[in-house]
Every structure is written in C-alpha cells, then in structure tokens.
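First up is the structure itself, then whatever we jot down about it.
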Amino acid sequence: MVYKLACKDLGVACPFVAEGETVDEMMEIAVKHAKEEHGYTDEQLNDPETQKEIKAAIKEE
C-alpha cells in the first residue's frame, strides 16, 4: 500500500507531493518539509490539532 500527501490538501499553495509506505513515514516527511519549506516550528507541528490535520490529509492509494 502506498500513502500520498500533498501540501495543497492542507490548504497550502505548494506543489509538494510525497509518497511513502506507512503513515509514520508520511508524518516524518511532512514534518521535515513543513519545517524546511514553510518555516513551521516543532511546537506548531507537535500540536495535536496540527497532527490530526496532517494525518487526515494523508491518502491511501
């Protein structure tokens, strides 16, 4: 099974799309991208609501 995450699915005008084999892998990729490209902080990304939003945007393909 492949999981996919696109920034646009989180309401961000960004062409980034990632694929991975697990939700945990996708969360790692999303956090790294959000920090490096969008300037999010660890505090913002560790917020339970933010975590829920990211997980909801991860699609199974």
Side-chain angles (χ1 to χ4, degrees):
M1 181 175 309
V2 174
Y3 293 92
K4 187 180 264 188
L5 174 67
C7 269
K8 68 179 183 168
D9 293 339
L10 289 163
V12 179
C14 173
F16 180 79
V17 177
E19 292 185 1
E21 295 181 10
T22 66
V23 171
D24 288 338
E25 179 183 4
M26 294 305 303
M27 289 299 291
E28 288 177 24
I29 293 168
V31 165
K32 182 178 184 209
H33 174 75
K35 287 166 87 173
E36 292 177 357
E37 299 298 324
H38 300 295
Y40 281 80
T41 65
D42 286 332
E43 183 179 353
Q44 290 170 309
L45 293 166
N46 288 326
D47 177 71
E49 194 61 35
T50 301
Q51 293 276 318
K52 188 183 343 180
E53 289 174 16
I54 295 170
K55 285 180 181 174
I58 296 172
K59 310 289 187 220
E60 290 182 46
E61 298 215 341

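Here, residue 1 is the first one in the sequence, and each next residue gets the next number. Everything quoted here is computed from the prediction, not taken from an experiment.
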- Which of Glu25, Glu19, Glu21 passes salt bridge (Lys or Arg N to Asp or Glu O under 4.0 Å) with Lys4? Answer is Glu19
- Item | Under the side-chain contact (heavy atoms from CB on, under 4.5 Å) test, residues paired with Glu49 that sit two or more places apart | Asp47, Lys52, Glu53
- Candidates Asn46, Asp42, Thr41 - the one meeting side-chain contact (heavy atoms from CB on, under 4.5 Å) with Gln44: Thr41
- Query: Knowing that exactly one of Thr22, Asp9, Val23 qualifies, which makes a side-chain contact (heavy atoms from CB on, under 4.5 Å) with Ile58?
  - Reply: Val23
- Message: Using 30° and 60° as the class boundaries, would you call the ring planes of His38 and His33 parallel, tilted or perpendicular?
- Response: perpendicular
- Message: Tell me whether Phe16 at atom CZ has more than 12 heavy atoms from other residues, nucleotides or ligands lying less than 6.0 Å away.
- Response: yes
- Message: Determine whether a donor-acceptor pair (N or O, by modelled atom type, separation under 3.5 Å) exists between the side chain of Gln51 and the backbone of Leu45.
- Response: yes
- Query: Is any side-chain heavy atom of Glu37 closer than 4.5 Å to a side-chain heavy atom of Cys7?
  - Reply: no
- Just how far is it from atom NZ of Lys55 to atom OG1 of Thr50, taken to the nearest 0.5 Å? 12.0 Å
- Decide whether Ile29 and Met1 are clustered together by the hydrophobic rule: side chain heavy atoms of Ile, Leu, Val, Met, Phe, Trp, Tyr closer than 4.5 Å, transitively. yes
